[in-house]
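Shown next, in structure tokens, is the structure this report addresses.
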Amino acid sequence: RGRWMVSEEIELNHAMADAGMEALESDMGEYTVQLDGENPSHIIMPAIHLNVGQVASLFHDKLEVDYTEDVDRLIQIGRETLRRNFFEADIGVSGVNFAVAETGTLLLVENEGNGRMSTTVPPVHIAVTGIEKVVENLRDVIPLLSLLTRSATGQAITTYVNMISGPRKADELDGPQEVHLVLLDNGRSQAFADGELRQTLNCIRCGACMNHCPVYTRIGGHAYGTVYPGP
Ligand code: SF4
């Protein structure tokens, strides 16, 4: 599973566990939080509430590796564990930053490469996203993408920009054999019908408001008790 908040919203991990399926997070932050049995505390940086010592203890306890606070080594341990799982997964499930109606393209930005692995290595890719992420044309994505990456991580562009427009073609060497898109309403149409609530659907999940909110920075994301924490 590539990181995204809609899956937290619909409690996909619990539903999959109830159906007898094992769901493994592939984003390093979400993977760390999953190991801890916790929920993300930030929509962009899920494990921002943990310090390096806590991550080191978690990896030592849960993955049975030597205790180390060497960040590069911790990343390497996480990557090695996750990489094995990508090749064993039956289905890759991901979110979507923008879905383009014109071309059927699913756009997914990330910095770790886990999104690309989740969406290309398993034989089936299922993308799940809220209906507010659908934009009309490909050209509409350009300003949104610039706004998202600059506001989320201060980057002009993320390391990976994945544009998925369907399953592997007959002459292509890699990619999934099946791609499915699930569009989630879950109250969004109701919010759209409400003049005041409608503007909440403009949120592109950049997380900038959390980084600047004096309340969030004091109490952290878990204190809000909701999937989407912060102001
Ligand atoms: S409300 Fe605005 S600043 Fe906050 S996550 Fe959404 S788009 Fe970003």
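For ligands, and for the atoms within them, numbers begin at 1 and follow the listed sequence. The analysis underlying the following values was restricted to heavy atoms, covering all of them including side chains, and did not include hydrogens, waters or symmetry mates.
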Any protein heavy atom sitting closer than 4.0 Å to atom 2 (Fe) of ligand 1? no

CG (D66) with more than 12 external heavy atoms under 6.0 Å: no

Starting from atom 8 (Fe) of ligand 1, locate the nearest protein heavy atom and write down its residue, its atom name and how far away it is, to 0.1 Å. C206 SG, 2.3 Å

Please report which non-hydrogen protein atom sits nearest to atom 5 (S) of ligand 1, along with the residue it belongs to and the distance in Å to one decimal place. G207 N, 3.1 Å

Can an N, O or S atom be found in C203 less than 2.8 Å away from atom 6 (Fe) of ligand 1? yes

Starting from atom 4 (Fe) of ligand 1, what is the nearest protein heavy atom, named by residue and atom, and what distance separates them? C209 SG, 2.3 Å

Salt bridge or not for E9 and R188, using N-O below 4.0 Å? yes

Measuring from the heavy atoms of S151, does anything fall under 4.0 Å of ligand 1? no

Carboxylate-amine/guanidinium contact E132 R205, below 4.0 Å: yes

Once the angle between the rings of Y224 and Y216 is folded into 0 to 90°, is it parallel (under 30°), tilted (30 to 60°) or perpendicular (over 60°)? parallel

The protein heavy atom nearest to atom 7 (S) of ligand 1 is I204 N, 3.4 Å

Please confirm whether the ring centroid of H125 lies under 6.0 Å from the ring centroid of H180. no

Assess, by modelled atom type and distance only, whether the side chains of S189 and D185 contain a donor and an acceptor separated by less than 3.5 Å. yes

